[in-house]
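One structure coming up, written as structure tokens, with questions to follow.
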4 protein chains.
Amino acid sequence: MPKVGMEPLRRRALIDATISAIGERGSLDVTMSEIAGRAGVSPALAHHYFGAKGDLLHATMRHLLAELGRDLRAALATAPDARSRVSAVVRVNFSPTQFQPETVAAWLTFYVAAQHSPELRRLLRIYARRLHSNLMTGLGRLLPRNEAERTAESTAALIDGFYIRRALRDGPPDAGNAIALVEEFLAARINQRKQP
Amino acid sequence: MPKVGMEPLRRRALIDATISAIGERGSLDVTMSEIAGRAGVSPALAHHYFGAKGDLLHATMRHLLAELGRDLRAALATAPDARSRVSAVVRVNFSPTQFQPETVAAWLTFYVAAQHSPELRRLLRIYARRLHSNLMTGLGRLLPRNEAERTAESTAALIDGFYIRRALRDGPPDAGNAIALVEEFLAARINQRKQP
Amino acid sequence: MPKVGMEPLRRRALIDATISAIGERGSLDVTMSEIAGRAGVSPALAHHYFGAKGDLLHATMRHLLAELGRDLRAALATAPDARSRVSAVVRVNFSPTQFQPETVAAWLTFYVAAQHSPELRRLLRIYARRLHSNLMTGLGRLLPRNEAERTAESTAALIDGFYIRRALRDGPPDAGNAIALVEEFLAARINQRKQP
Amino acid sequence: MPKVGMEPLRRRALIDATISAIGERGSLDVTMSEIAGRAGVSPALAHHYFGAKGDLLHATMRHLLAELGRDLRAALATAPDARSRVSAVVRVNFSPTQFQPETVAAWLTFYVAAQHSPELRRLLRIYARRLHSNLMTGLGRLLPRNEAERTAESTAALIDGFYIRRALRDGPPDAGNAIALVEEFLAARINQRKQP
DNA sequence: AATGAATGAGCCTTCATTCAT
DNA sequence: AATGAATGAAGGCTCATTCAT
């Protein structure tokens with residue numbers, strides 16, 4: 001039983017517990033006790049490491065963003081050309097890590113909470129901007145500037161839209177279908193350009 | 001002098017107060033006192049008319065759905081052909097009544113809350129199904145069955161996506177841009193069919 | 001059992017409970033539960049009427065000051081001349097209402113708490129200023145300006161000093177002794193002027 | 001390398017930290033963490049050396065009393081006659097070491113806390129008795145027994161009174177004025193005896 | 001029809017204190 | 001000699017809800 005160097009382990013456990021608690025409850029209204037209980041520690045310890053509840057929530061959100069960012073970088077690194085860059089971005093957003101019920105629910109919840117939390121809104125804006133620029137690095141070479149912008153905007157909305165709809169459905173996430181529909185949309189927009 | 005016939009007025013005032021409170025707070029965490037205060041009555045009266053808080057929330061959601069339904073019916077009634085039926089559906093979802101910050105925030109909030117409220121989920125499913133079938137009455141005549149289904153699904157996701165993104169932005173809603181992007185998407189899908 | 005118009009009764013009961021709780025505990029660390037319990041209501045009701053704990057404490061302090069002010073005005077109203085005005089001020093400060101263990105303890109506690117509460121300090125300053133000016137209306141006619149000022153200052157300190165010492169002693173307050181000593185001091189100062 | 005002989009240093013550092021913490025906060029509500037932090041050690045160490053929080057507080061009070069006692073002895077040792085012994089006692093109580101904001105605040109706080117701590121009360125009684133007897137060694141030779149007693153009592157109250165008033169004022173302590181007023185009081189009492 | 005009065009339940013948070021290392 | 005880890009206990013505060021009027 002190591003009694004030293006516990007901090008990073010506890011922090012991680014608490015963040016994981018937060019995600020799963022929020023995901024299951026589908027609400028930021030989870031109590032600190034609930035979270036701490038899931039992490040196997042006392043509520044006091046959660047405060048010890050994170051300060052107030054809001055701080056734990058923010059840390060959790062940052063964790064989610066960081067994870068997504070890591071996945072994205074990895075996927076983009078292996079994409080050979082512009083078109084496959086775009087697909088990589090889409091794919092990552094619906095990857096098993098991201099598109100599982102708990103995480104989706106947590107994301108959604110944060111989206112809503114962001115409406116009255118400047119800090120959360122700031123974090124989400126960063127994510128939105130990054131998603132946009134990642135899409136643009138691919139689309140920018142396939143479509144005229146202005147059209148690429150609009151397509152990126154729609155693609156981002158589409159992804160968010162599938163997240164929302166995912167949250168309302170029971171059963172396993174149908175990532176395959178979501179990816180197919182987004183790709184279909186992209187194909188339509190890109191081909192439309194090429195062919196007429 | 002006991003006032004008579006106050007019930008419908010109070011109910012309506014309370015529902016309106018609920019929408020604006022939720023919209024402003026951006027959260028279902030509004031208190032009964034807050035809502036009652038906005039409606040100019042005591043919290044006790046809200047309970048008198050609606051029972052528990054959850055009941056008031058459900059009634060509010062039903063009200064939102066009913067309003068959207070009314071708008072939709074009105075718009076569809078004047079649509080001359082299949083293509084314009086589709087556009088009518090899109091237009092209504094971004095109409096000034098629907099796409100204003102308060103209402104958008106309320107919708108979003110309900111979406112999230114639906115994750116742990118069977119009743120709310122049931123109501124949202126009804127809405128989703130209606131949206132889908134309304135889109136299909138138009139798309140079904142413009143595209144092959146299967147493709148129409150997929151397009152309807154994507155369109156619905158796109159609309160939801162713009163709602164989410166609207167909630168994160170400050171300033172006035174840009175309904176025009178949202179409509180334009182959705183129409184662009186529809187055009188690409190429909191033209192793609194026609195031309196190649 | 002009157003169920004209406006309870007507010008003033010509850011407020012008063014809560015303030016009285018606060019005084020006695022603080023007096024008995026000898027510390028501002030009394031809990032809201034303790035106070036509410038003494039007043040025969042739930043802690044929630046205390047919050048309902050006073051807001052936060054600090055607000056109840058401030059209200060209590062204001063009550064103490066108001067009571068002292070009332071007693072003072074009454075005593076001064078019947079004082080025929082300058083010398084008896086001064087004695088009246090002294091007498092009131094050691095009157096049975098003021099100089100009882102509970103009240104003394106509450107005063108002391110507030111004094112200490114004032115060190116880190118601007119609002120409490122503000123209230124105590126008002127009291128100090130009033131005590132000073134009340135003493136001056138009498139002393140001003142018996143001694144030269146400057147000497148009157150100094151005597152008022154010392155008298156006030158002397159009164160406070162007896163309060164402190166009272167708080168440390170057990171048994172009944174010996175108001176008579178305190179008054180006698182203050183009067184002795186005053187006599188010495190005033191006679192000193194007259195005779196040499 | 002385990003450090004040896006740290007105990008007395010830590011104890012002293014912790015007591016000093018306690019005084020300054022209480023003085024600054026103006027309340028016994030300082031936390032062990034706050035105190036330990038100021039002393040540059042962990043809260044656990046404070047417990048290690050002093051046991052419970054109350055023990056540290058008592059030790060601190062004893063330290064304050066011991067310091068005052070040392071100052072007093074030193075001052076009395078150089079006082080040539082009875083009158084100057086009295087002045088020495090007064091002077092020491094308002095010496096820069098004693099009459100600085102932090103120490104005054106700590107004293108006051110202990111006074112109040114003594115109301116519900118037998119141990120603290122015991123300590124304060126010792127101080128009060130010593131102050132009284134020190135004053136009496138001087139006054140006893142200048143005034144008749146009974147009058148000397150009463151004067152000692154008033155003088156002690158006056159000193160405490162100036163301490164209280166000091167705590168409510170901002171800015172630097174005006175020890176000079178306090179001493180002058182106490183001396184004025186003593187002069188009045190002693191001269192009154194001599195002259196009439 | 002409407003509300004003031006009142007409360008139980010629950011949550012966040014703080015803090016002294018202990019223990020293994 | 002010293003501390004990081006951890007918690008139980010307790011307090012302030014909020015809020016939905018009930019009830020008598």
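All chains are named by letter (A, B, ...) in the order of the sequence lines, taking the proteins before the strands, and each is independently numbered beginning at 1.
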DNA chain F: 5'-proximal contact among C/A52 and B/A44 (nearest heavy atom):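 Between the two, 5'-proximity favours C/A52.
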In whole Å, what is the span from the CE atom of B/M32 to the P atom of E/dT3?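 Distance check: B/M32 CE to E/dT3 P gives 14 Å.
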Find which nucleotide of DNA chain F each of A/L45 and B/T31 is nearest to by heavy atoms, and output the residue with the more 5' nucleotide.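 Its nucleotide being nearer the 5' end, the pick is A/L45.
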d(CG, B/L14; P, E/dT3) in whole Å: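 Taking CG of B/L14 and P of E/dT3, I get 10 Å after rounding.
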Nearest whole angstrom, please: distance from the P of F/dG12 to the NE2 of A/H47.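 A/H47 atom NE2 is separated from F/dG12 atom P by 17 Å.
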Nucleotide F/dT14, atom P - distance to OH of C/Y49 in whole Å: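 Checked: the OH to P distance equals 17 Å.
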Atom CG of B/D29 and atom C1' of E/dC12 are separated, to the nearest Å, by 14 Å
Which part of the nucleic acid, if any, lies within contact of C/F50, taking any heavy atom under 4.0 Å across all strands shown: a base, the sugar-phosphate backbone alone, or nothing? nothing
Base, sugar-phosphate or nothing for A/E7? Non-hydrogen atoms, less than 4.0 Å.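 Sugar-phosphate only.
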When you match A/G51 and C/V41 each to their closest nucleotide on DNA chain E, which lands nearer the 5' end? C/V41
Suppose we define a pair by two distances each less than 3.5 Å, Watson-Crick or G-U wobble; what does E/dA6 pair with here? F/dT17
So D/F110 and D/T60, do their side chains get closer than 4.5 Å, heavy atoms only? yes
Does the structure show a Watson-Crick or G-U wobble partner for F/dG12, both distances under 3.5 Å? Name it, or say none. E/dC11
Between E/dA20 atom C1' and D/H48 atom NE2, what is the distance in whole Å? 14 Å
Can you tell me the Watson-Crick or wobble partner of F/dA1, both distances under 3.5 angstrom? none
